[in-house]
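Input: a single structure, listed below in structure tokens.
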There are 4 protein chains.
Amino acid sequence: MARKQSYSHSELLDLTKRLVLERGYDGFNLKLLSEHLPGARSTIYQYYANKDEIIAACMKRSIGAILEKASALDETDSMRALQELLDIYLEEFQLHQLLADAYKIKTTASEAARRDIEYVESAHEFLKVQLTRLFQKAQQEKHLREDIPLPVHVGMFFNLINTPNMMNVPVPEWSRMLFQIWMGGAKQ
Amino acid sequence: MARKQSYSHSELLDLTKRLVLERGYDGFNLKLLSEHLPGARSTIYQYYANKDEIIAACMKRSIGAILEKASALDETDSMRALQELLDIYLEEFQLHQLLADAYKIKTTASEAARRDIEYVESAHEFLKVQLTRLFQKAQQEKHLREDIPLPVHVGMFFNLINTPNMMNVPVPEWSRMLFQIWMGGAKQ
Amino acid sequence: MARKQSYSHSELLDLTKRLVLERGYDGFNLKLLSEHLPGARSTIYQYYANKDEIIAACMKRSIGAILEKASALDETDSMRALQELLDIYLEEFQLHQLLADAYKIKTTASEAARRDIEYVESAHEFLKVQLTRLFQKAQQEKHLREDIPLPVHVGMFFNLINTPNMMNVPVPEWSRMLFQIWMGGAKQ
Amino acid sequence: MARKQSYSHSELLDLTKRLVLERGYDGFNLKLLSEHLPGARSTIYQYYANKDEIIAACMKRSIGAILEKASALDETDSMRALQELLDIYLEEFQLHQLLADAYKIKTTASEAARRDIEYVESAHEFLKVQLTRLFQKAQQEKHLREDIPLPVHVGMFFNLINTPNMMNVPVPEWSRMLFQIWMGGAKQ
DNA sequence: CATGAATGAGTCTTCATTCAT
DNA sequence: CATGAATGAAGACTCATTCAT
């Protein structure tokens, strides 16, 4: 008796991600969303209770994808693991930008949004812990300069993903290039 | 002969900068602004004709401060100049974030905003040109790896300013630290 | 499947016409409009995107009604046609007053308003051409004084509709009376 | 000790008249007025207590000028007097348009505005009475068709001043032309 | 008196969300 | 479930008018 849904949750979230990246949290609105989807604006409320839940779900899904790959990482060889981690991060380099507006999400009104944002934060935490663990290992194995505090190493590494890829180098190569300069330095 | 102004343009722009950094272009609004200022919301319109003019003026002032310092730079020693440039950028490291929303400013309605944004863009251009000039010089003088394209060097250097300073190292020391790692690499 | 509209577009435009005639373009506002309508002010935006579109649509509808009648006119007998045209104009004698503020409509912001006003202008043009055509014919057939330039005849005829009908003579009789005086003169 | 006024009441009212004719009651505002005058906007309040008083004074002065001329009219020859009255009205043909917004003036708040508008109304009344008197005389002297009610004659005559002078015929000639057609009719 | 500053009331418009069919 | 209609809260902006120097 129930009509078939004309689009899936996943399609809705894909679209949301694209639009939030294009317009930011405030620029994204349900009218815009519905214009890119079949059906009426109000139909969206059949999928999510409000705007914040949509964006929260979108963020959760995005960081979830990374978390999954990062969890599966073989950490035996610390330097190799770091290089692979950079691959993973660069593959979804927009994540940083997407999550930038997470603080705007009003979690008070919506339980689901609150849960999703909590997940996002714990995923963030996991990644940070993993990164720290790898760096500690790398430093113990004397791969890294010891005169630099570990958090600085971590921050600098993590910040690599924001380097503008103005020449559109393909991701795998780009990843290797960044890693190399980061390790070996820019000097001749 | 007339009443004393209850706050200066400069105070208004300082506050604007803080709030735009906190909330972004869309999150920033005149109600918010007026709540942090003495007097009524409409009074703000005595200072600037509309929201876009306020933000544009704020951006102009911020990049203007940097431009002034960067223009005065002694470029004889390219590497030393780069280090000093990094000092300058880090001193106003939020600039990048502040200008991120420049594209949202509606310049069609407001002549003043248009002029300010034009200034911002030309300043941007100046800094880019200066940076490229210094890098070319540095590369000619064999200070930089030649297997890496110049734009990548530039992007990477520029991206240094976004490195999170989680330990709150004082700016001059922080600048030296970043520069060192960038040049020499993270490896032992 | 959805809620029933609480008033029709036509009702909205009728009311708009009345209020614009009473108050003029500037005196007319959406608060006023909504106070004469059931429901909230913002509901009006479901019908038209902004104030200018409402007034433009109202003008279009009004002149459209006249245009339709005028187009159907049998122009064989020029003097009879002029008398009938006067009937038509007098039937909607407020039109002139309604359109007086057409130039205030901001067409830059709204495509729909622009289109409507364009229609109004072309209708205006049609009526002017028709009137001129009839007058040329009438003059050739020696019905009109030849010492008076045609545009003066036209202007004078057209201005008849503004004659205040202080005694509230019914329109058909009023039309005949004006036509008679216009043709034969006021003198004994 | 008092500074000299930098403009006279008369200059202010001249300007007001021009601007009200250009923009209408609502389009006219004190910012606009002050931009065409030396000195600050608030200085205008030294001359008149509020916007409505300015416009009311402007209207009073305009109709006063006509009233003066009309009062001095020699009414011995009724038809000649009517022709001269038309001269007078056409000389200030904008008056009608200027007074069109008289109903918008808020007289409740301002005693001066109330008095001025009262004057305007009594002047209006005087002109109507004078016109009626002249028409009665003309009809008794058999100059006018008797099958037409007097108010219709009056209304029609008065409405002559609104005839658009598209060819910009000089006023005296224009007046004679209108009077002639009105009297003798448009027909050959 | 003249003035620049301040203000509050008022209007337009957008948008997330709810409602009734 | 789907939907078009309705709505209220919020924010931008204008302008007549008052205030303080």
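Numbered from 1 within each chain, the chains take letters A, B, ... in sequence-line order.
Taking atom CG of L12(B) as the reference point, atom P of dA6(E) lies 11 Å away to the nearest angstrom. Atom CD1 of I54(B) is separated from atom P of dG11(F) by 15 Å (rounded to the nearest Å). For Y48(C) and dC12(E), the OH to C1' distance is 18 Å, given to the nearest whole Å. Across the protein-nucleic acid pair, L19(C) atom CG and dT11(E) atom C1' stand 16 Å apart, rounded to whole Å. In this entry the distance linking CD of E35(D) with P of dT3(E) reads 15 Å, nearest Å. Taking atom CD1 of residue I105(A) and atom C1' of nucleotide dA16(E), one finds them 15 Å apart after rounding to whole Å. Taking atom OH of residue Y25(B) and atom C1' of nucleotide dA12(F), one finds them 11 Å apart after rounding to whole Å.
The backbone N or O of S8(A) lies less than 3.5 Å from a partner atom in the side chain of E11(A), making a donor-acceptor pair. Within the 3.5 Å criterion, the main-chain N or O of Y119(A) finds a donor-acceptor partner in the side chain of S122(A).
Neither OP1 nor OP2 of dC1(E) sits under 4.0 Å from any side-chain N or O of Y47(D).
Distance from the side chain of T43(D) is smallest to dT3(E) among dT3(E), dA6(F), dA5(F).
Across the interface with DNA chain E, nearest-nucleotide mapping of L32(C) and I44(B) shows I44(B) to be the residue nearer the 5′ end.
Between K51(B) and D26(B) there is no salt bridge, since none of the side-chain N atoms of the basic residue sits less than 4.0 Å from a carboxylate O of the acidic one. Comment: R114(C) does not engage D52(C) in a salt bridge, judged by the lack of any side-chain N to carboxylate O separation of less than 4.0 angstrom.
Considering only heavy atoms from C-beta on, Y48(D) comes within 4.5 Å of L12(D) through its side chain.
Direction change of the helix axis from one end of the helix from dA2(E)-dT21(F) to dT21(E)-dA2(F) to the other is 20°, with five pairs defining each end axis (rounded to 10°).
Ring pair Y47(C)/H9(C) is tilted by interplanar angle, where 30° to 60° counts as tilted.
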Along nucleotides 15-21 of chain F, 5' to 3', which nucleotides get a B, which get an S, and which get a -, given that the test is a protein heavy-atom distance under 4.0 Å?
-> -BBBBBB
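The minimum heavy-atom distance between R41(D) and S34(D), with the atom names listed, is CA-CB, 3.6 Å. When all heavy atoms of L67(A) and A123(A) are compared, the pair lying nearest together is CD2-CB, 4.0 Å.
By the 6.0 Å and 45° rule, K104(C) does not stack over the aromatic ring of Y25(C).
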